[in-house]
Amino acid sequence: MEKSRPELEEVTVGDSSLGLLPEEVAPRPSWGSKLQYILAQVGFSVGLGNVWRFPYLCHQNGGGAFLLLYFLLLVIIGIPLFFLELAAGQSIRQGSIGVWKHISPRLAGIGFASCVVCFFVALYYNVIIGWSLFYIFHSFQYPLPWESCSTAANQTEEVWECVRSSPATYFWYRKALNITDWIEESGGLNGALVGCLFLAWVVVCFSMIRGIKSSGKVMYFSSIFPYVVLLCFLIRGLLLEGAVDGIRIMFTPKLEIWKDIQVWRQAATQVFFALGLGFGSIIAYSSYNSRTNNCHFDAILVSFINFMTSILATLVVFAVLGFRANIITQQCINETMMVLKSLIDGGKLSADFLPAKNLSTTDYSLWYQQMDVNGILRKHKIEDCRVENEMNKGVEGTGLAFITFTEAMTLFPASPFWSVLFFFMLQNLGLSTMLGNMQGIITPLLDNFTALRKRKVLFTVVCCIFGFLFGLVFVQRSGNYFVTMFDDYSATLPLIIVVIFENVAVAWIYGADRFMDDIEEMLGWRPWLIYKYLWKYISLLAMLTLLLASLIRMCIAHPTYRAWNMEEAVEMYLEYPPWALALLIGLIIVASLPIPVLFFKQVLKERWQGKSMDTFSQCSYHRGDTADHICMQESPADPQGQANGSASADTEELAEKGKLLAEDSGEEVEEDKGSLCG
Ligand SMILES: O=C(O)[C@@H]1CCCCN1
Ligand code: NA
């Protein structure tokens, strides 16, 4: 079959134009520096999840014991799969669609599924960034609007809702979200949040507009700034009364949690979501690297930085929560002392119950244990005020960042300053992840559909516009319920499916040994043998178990969401109505569907073209491999030419010219003979 004329592409390097080049030799943009690349990978992987999901999981699942479990799973699942994605992207130098197409054209669906998942996550992730912007705008006032009910509520019935719950809770559910009582009630769009979401997408769009050249620069700030803020909060937090209690409670290991499979499931899901496996963003970013870059070192470095950031964020969260719990417990003690005094004055209790001096929180629990003989104090409604009890409240999910932390910050001196700093940090943590998310959508599509390349800027803008329009679902008054649906199910489950297929594709279809050979050819040294067994057996088994545990959880426990009831002014768990359940499951299917659909489409295409398919994938993508001429795509007109990876003379000369020009302009351009499989 006559090979069609190769697509020509306008190539500019620095400010010199190379004219039109066939895309297989057009130099692929590359990172300005290794630091910029590492910041991009760290910026993408370290996100909101490190600051509010990890601390919450740590607290709910046995503190220090969870940390050890998380670290174990990070080593046996996270790092090997991270290394796998980095190596595949760096070697093939394509986005996720191109990478899986090279392993076998039947697996292109894995790349498309990654794009869909990236889009789902981008939709609700940017909404959370919009919430952070909303809080930033409301932080420039003293006292903070969520400090007390008088500042927060004006109408009478709202005061009731505020008094019944707490100013921070009220502000979050009523002033920020103006939330409806359940997911069935849309309540219409929340105008302020629509504006914040629009602004969030404008920021993403302008940061993305010139590809990795512009986003690379944004990365410098949005990846480093959160660390500065976390360190400021840690130092400030440790100086607060009760902070050490909070950290002690957090690190106290409760090893019995290791028996609970759901804890393992939560830890594995967190490893995987935290690193961003399956998004295709890791592949996209590493595809702009030079082939000799030591991606094994990068995999360990970025995973380690991600883990340490989660620990740092957890220390900050529990120092601040310990401080807040201490204050609330102190108030509780003062109230019970009042009750005790009135009981003694009323002759109901003997005076020797009265403690000699004002009790601190630790002294109080000791006093309580001594005095509560036969439950006499409990009988008189004198409660046991404990810091641990206060530590348990409101630590989950969005509540942690937007209720508990905001409440704690009102207790800080100069609270508006700390509040702006905290939410600006959240906004940057989210922005750098959003850039990676968008890269996980744009790069594979641009690589796969060359027609889009000529209108890269327009395509980026259109993606952001679609992101905003679809994102409107999440800024209705009931929007928070959809954010929870996506975060708990619709975005996370398809990721596990995608990564399982990635793992099978490389370790079993392409072959772990062959993959190790390619890495050896690329890096000049062979990866540790352990990786072969991790990829073939351990991480794959772990992922399959994780998927099973997640599906079982969905089947056994009817999926529920946490709703806010306005009248009662309390949170309650409601079951998703059938239509929401159908939507939840439908989204998971839609995100996973490209894998089987494109598989069978390719099989039919091969059958129709009568191609011999003695093995699943005969493509190899390292240089000059004679196996290349039997790749599954259109067999090239001159197989030998393609097999040796040589392009025709004129394009060779142009590529050489491109390289020389690039060196002149100081821009690093990695010669990209493209993939040998067409
Ligand atoms: O932990 C997070 O928030 C992000 C979500 C997206 C993928 C990378 N990690
Ligand atoms: Na980030």
Side-chain angles (χ1 to χ4, degrees), residues 38-58 70 74 78 81-82 85-86 96 114-129 131-132 200 203-204 207-208 215-216 218-230 266-286 299 302-303 305-314 317 397-398 400-401 423-441 467 483 486-488 490-496 498-499 591:
I38 292 295
L39 283 180
Q41 288 286 17
V42 168
F44 165 64
S45 75
V46 172
L48 301 171
N50 295 73
V51 169
W52 84 42
R53 193 205 315 265
F54 186 90
Y56 153 65
L57 290 176
C58 201
Y70 181 86
L74 181 68
L81 291 174
F82 198 86
E85 288 204 6
L86 286 176
S96 56
S114 289
C115 284
V116 175
V117 170
C118 261
F119 187 65
F120 283 0
V121 173
L123 286 184
Y124 79 87
Y125 213 82
N126 221 17
V127 170
I128 300 169
I129 294 169
W131 291 341
S132 306
V203 170
V204 168
S207 306
M208 293 288 298
S215 56
V218 171
M219 281 299 172
Y220 276 116
F221 179 76
S222 63
S223 300
I224 294 173
F225 176 70
Y227 289 96
V228 173
V229 173
L230 281 173
Q266 286 182 303
T269 306
Q270 179 58 23
V271 165
F272 165 87
F273 194 74
L275 292 179
L277 298 172
F279 283 75
S281 309
I282 296 168
I283 293 173
Y285 275 167
S286 68
V302 174
S303 303
I305 292 175
N306 191 294
F307 179 59
M308 293 317 289
T309 311
S310 295
I311 301 261
L312 173 60
T314 306
V317 166
T398 45
L400 174 70
F423 288 108
F424 193 45
M425 170 190 73
L426 281 192
Q427 191 266 335
N428 276 283
L429 272 174
L431 174 61
S432 51
T433 296
M434 275 303 295
L435 298 182
N437 249 330
M438 296 305 288
Q439 205 69 44
I441 298 167
V483 169
F486 271 61
D487 198 38
D488 283 355
S490 308
T492 40
L493 260 168
L495 277 175
I496 300 171
V498 165
V499 174

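One-based numbering, in listed order, for ligands and for the atoms of each.
- Y285 places no side-chain N or O within 3.5 Å of a backbone atom of Q439 that could act as its donor or acceptor partner.
- Listed by chain and number, G43 O, V46 O, L429 O, S432 OG, T433 OG1 are the protein N/O/S atoms closer than 3.0 Å to the Na ion (ligand 2), with waters left out.
- Side-chain atoms of F279 and F273, non-hydrogen and from C-beta on, do get closer than 4.5 Å to each other.
- For ligand 1, the 4.0 Å heavy-atom shell contains residues F44, S45, G47, L48, G49, N50, Y125, F273, A274, G276, F279, T433.
- Panel note: side chain S223, backbone Y220; no donor-acceptor pair is recorded below 3.5 Å.
- Side chains of S45 and N306: a donor on one and an acceptor on the other come within 3.5 Å.
- Side-chain contact between Q41 and L86: present, with at least one pair of heavy atoms (C-beta onward) separated by less than 4.5 Å.
- In this structure a side-chain-to-backbone donor-acceptor pair under 3.5 Å is present from T433 to F44.
- Of the candidates N50, T309, V51, V51 is the only one forming a side-chain contact (heavy atoms from CB on, under 4.5 Å) with L429.
- Counting only distance, with no hydrogens or angles, the side chain of S114 and the backbone of G278 share a donor-acceptor pair below 3.5 Å.
- Taking the six-membered ring where tryptophan is involved, the planes of Y70 and F307 are essentially parallel, since the angle between them stays under 30° and well short of 60°.
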